[in-house]
*Asks:* 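Below is one structure. I have some questions about it.
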Amino acid sequence: MGESIFQQYMRKRNNIVKNRKILQNTHIPEQLPHRKEQIDKIASVISIALSGEKPSNIMVYGKTGTGKTATLHYIGKELKKADPKEMNCSFIYVNCEVVDTPYGVLYNIGNQVTVDPGQKIPFTGWSFEKVYSVLVDMIDNEDKVYVVVLDEIDRMVFKKGDDIFYYLTKINENLKKSKVSLVGISNDMKFLELLEPKARSRLGGESLVFPPYSKLELEDILQERADIAFDPNSIDKSVIPYCAAIAARVDGDARIALDLLRTAADIAERNGDSVITDAHVKSAKNSIEFDVVSEAIKTLSSQSKVVLMSIMLISEKELKMTTGDVYTKYSEISDYCGLSRLTQRRVTDLISELDMMGIINASVKSFGCAGRTKEIELSVPKEMCSLLKNDPLFKNLDRSVRTGQTKLI
DNA sequence: CATCCACAGGAAGATCTGGTAG
DNA sequence: CTACCAGATCTTCCTGTGGATG
């Protein structure tokens, strides 16, 4: 009586993790192991911002989880330490994967520049030119250097937002007092080639590459955080090398290594175990993979769900299929679900999207006289399909359609 | 070696959503 | 209310193409 339902869980939890925040991949540690060279290089370029001069633009390349974002956040923190009141220099960070439109980038920068709420740029409604000129005014209000970091900058070009870079690189020509220095972070080494030439020549200044972490470097990174996050007795010696080994196989991605360690600790705690073991890491690996895919499937648009459902139903009988097969099945199901039927052109795009998300595998292949089309194959385990079948969208889908017994096929 | 299938995928533009501005 | 804006979504129209087949 009177006991909260949560108390049983709290008693069961034996708190292996002392400091959970340390294990989040958003956490910026005091020291970034094995990134001294890159930090020095960037710092040496950026440092003149502190005396009010404009540093060259910088391009940073490296695969996911190689510490690019963490390094830049670290630089930002150090800049703030050197100039706490931001008299000469402000640091602005925008993640282009999150904001992802030209308007959104300007909006985001603008609302980090200004402190005056009456000056805020609205979320939508203004013309691009207006936002740009307001932003220029805001920046020129002061007399200082803005270091603007554009993370995942390659996503923007991919989404056809080329001219935003043109505008940002020429912004200094419209400024009288302040200056803007750009730092672009890209996962793709070919980023500059994809850019329009006029923006390319302006954006390219210094450039540097973050190599993937080796297995041993990953171990250092994990060890450093584990020392703070866990009691040394609550983690098996083999756990850190094991996490590092898995992540090293995926392009030395430190984010994956940290996710594994954190999830393994969570699982151990939830089970009421007192020590984290390799077995926990193994189930962490499965659980992460499952979560990523199921989250992706849940957030698909209705039309994409129907396309994926079609692929799943066909693959119950046939492993591989063509765009035409999918479209036939798609037409049938979308009618059943009461959705409007999209054109085949649009469905090919939806198939390509599913391919890029890694849920399916689709590659163009020529079958001679049987034409040239995409060969499509499900690339997640069959068990994932049940997730989709329970979706309210398909609750009226009758069994004959599900099992492919209809004459329509 | 030309043909021809069954699409791929680019370009341009229409439609819709959710917002500002006057 | 109308006029307008950016962006997502989708359509219409289109040209391009790898390789088995005749």
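In what follows, every chain begins at residue 1, and chains take the letters A, B, ... in the order their sequences are listed. The structure presented is a predicted model; accordingly, all values stated were derived computationally and were not measured.
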*Asks:* Tell me: OH of A:Tyr327 to P of C:dC10, nearest whole Å?
*Replies:* 12 Å
*Asks:* Side-chain N or O of A:Arg372 less than 4.0 angstrom from OP1 or OP2 on B:dC7?
*Replies:* no
*Asks:* Taking atom P of C:dG19 as reference, at what distance in whole Å does atom CD of A:Glu375 sit?
*Replies:* 13 Å
*Asks:* For A:Gln303 and B:dC16, give me the distance from atom CD to atom P, rounded to whole Å.
*Replies:* 15 Å
*Asks:* When you get a sec, tell me which of B:dA8, C:dC10, C:dG7 is the closest nucleotide to the side chain of A:Thr373?
*Replies:* B:dA8
*Asks:* Counting C-beta onward and ignoring hydrogens, is there a side-chain heavy-atom pair between A:Val145 and A:Ile48 closer than 4.5 Å?
*Replies:* no
*Asks:* Taking atom P of C:dT9 as reference, at what distance in whole Å does atom CG of A:Leu339 sit?
*Replies:* 14 Å
*Asks:* Determine whether the aromatic ring centres of residues A:Tyr336 and A:Phe394 are separated by less than 6.0 angstrom.
*Replies:* no
*Asks:* Can a side chain N or O of A:Trp126 be found less than 4.0 Å away from OP1 or OP2 on C:dA6?
*Replies:* no
*Asks:* So does A:Ser352 get a side-chain nitrogen or oxygen closer than 4.0 Å to the phosphate oxygens (OP1/OP2) of B:dA8?
*Replies:* no
*Asks:* Calculate the interatomic distance between A:Arg341 atom CZ and C:dT12 atom P; express it in whole Å.
*Replies:* 13 Å
*Asks:* With a 4.0 Å cut-off on heavy atoms, is A:Phe123 in touch with a base, just the backbone sugar-phosphate, or nothing at all?
*Replies:* nothing
*Asks:* Identify which nucleotide among C:dG7, C:dT12, C:dA6 has an atom closest to any side-chain atom of A:Pro102, counting heavy atoms from C-beta outward.
*Replies:* C:dG7
*Asks:* Any idea which of C:dT11, B:dA8, B:dC7 is nearest the A:Thr348 side chain?
*Replies:* B:dA8
*Asks:* Can you tell which of B:dG9, C:dC10, B:dT20 lies closest to the side chain of A:Val364?
*Replies:* B:dG9
*Asks:* A:Phe367 has an atom CZ; how far is it from atom C1' of B:dC4, in whole Å?
*Replies:* 16 Å
*Asks:* What does A:Ser366 touch in the nucleic acid at a heavy-atom separation under 4.0 angstrom: a base, only the sugar-phosphate, or nothing?
*Replies:* base
*Asks:* Measure CG/A:Leu342 against P/B:dA14 and give the value in whole Å, please.
*Replies:* 19 Å
*Asks:* Would you confirm whether the ring centroid of A:Tyr213 sits within less than 6.0 angstrom of the ring centroid of A:His34?
*Replies:* no
*Asks:* Quick one: is A:Thr101 getting a side-chain N or O under 4.0 Å of the C:dG7 phosphate, OP1 or OP2?
*Replies:* yes
*Asks:* Just to confirm, is there a sub-4.0 Å distance from OP1 or OP2 of B:dA6 to any side-chain nitrogen or oxygen of A:Lys374?
*Replies:* no
*Asks:* Between C:dA20, B:dT20, B:dA8, which one does the side chain of A:Pro122 approach most closely?
*Replies:* B:dT20
*Asks:* Is it true that A:Arg270 and A:Asp266 make a salt bridge, defined as a side-chain N closer than 4.0 Å to a carboxylate O?
*Replies:* no
*Asks:* Run the salt-bridge test on A:Glu219 and A:Lys215 with the 4.0 Å N-O cut-off and return the result as yes or no.
*Replies:* yes
*Asks:* Take the angle between the ring planes of A:Tyr107 and A:Phe123 and call it parallel below 30°, perpendicular above 60°, tilted in between.
*Replies:* perpendicular
*Asks:* Roughly, in whole Å, what's the span from CG in A:Asn108 to C1' in C:dA6?
*Replies:* 16 Å
*Asks:* Is there a donor and acceptor pair, one atom on the side chain of A:Arg345 and one on the base of B:dG9, closer than 3.5 Å?
*Replies:* yes
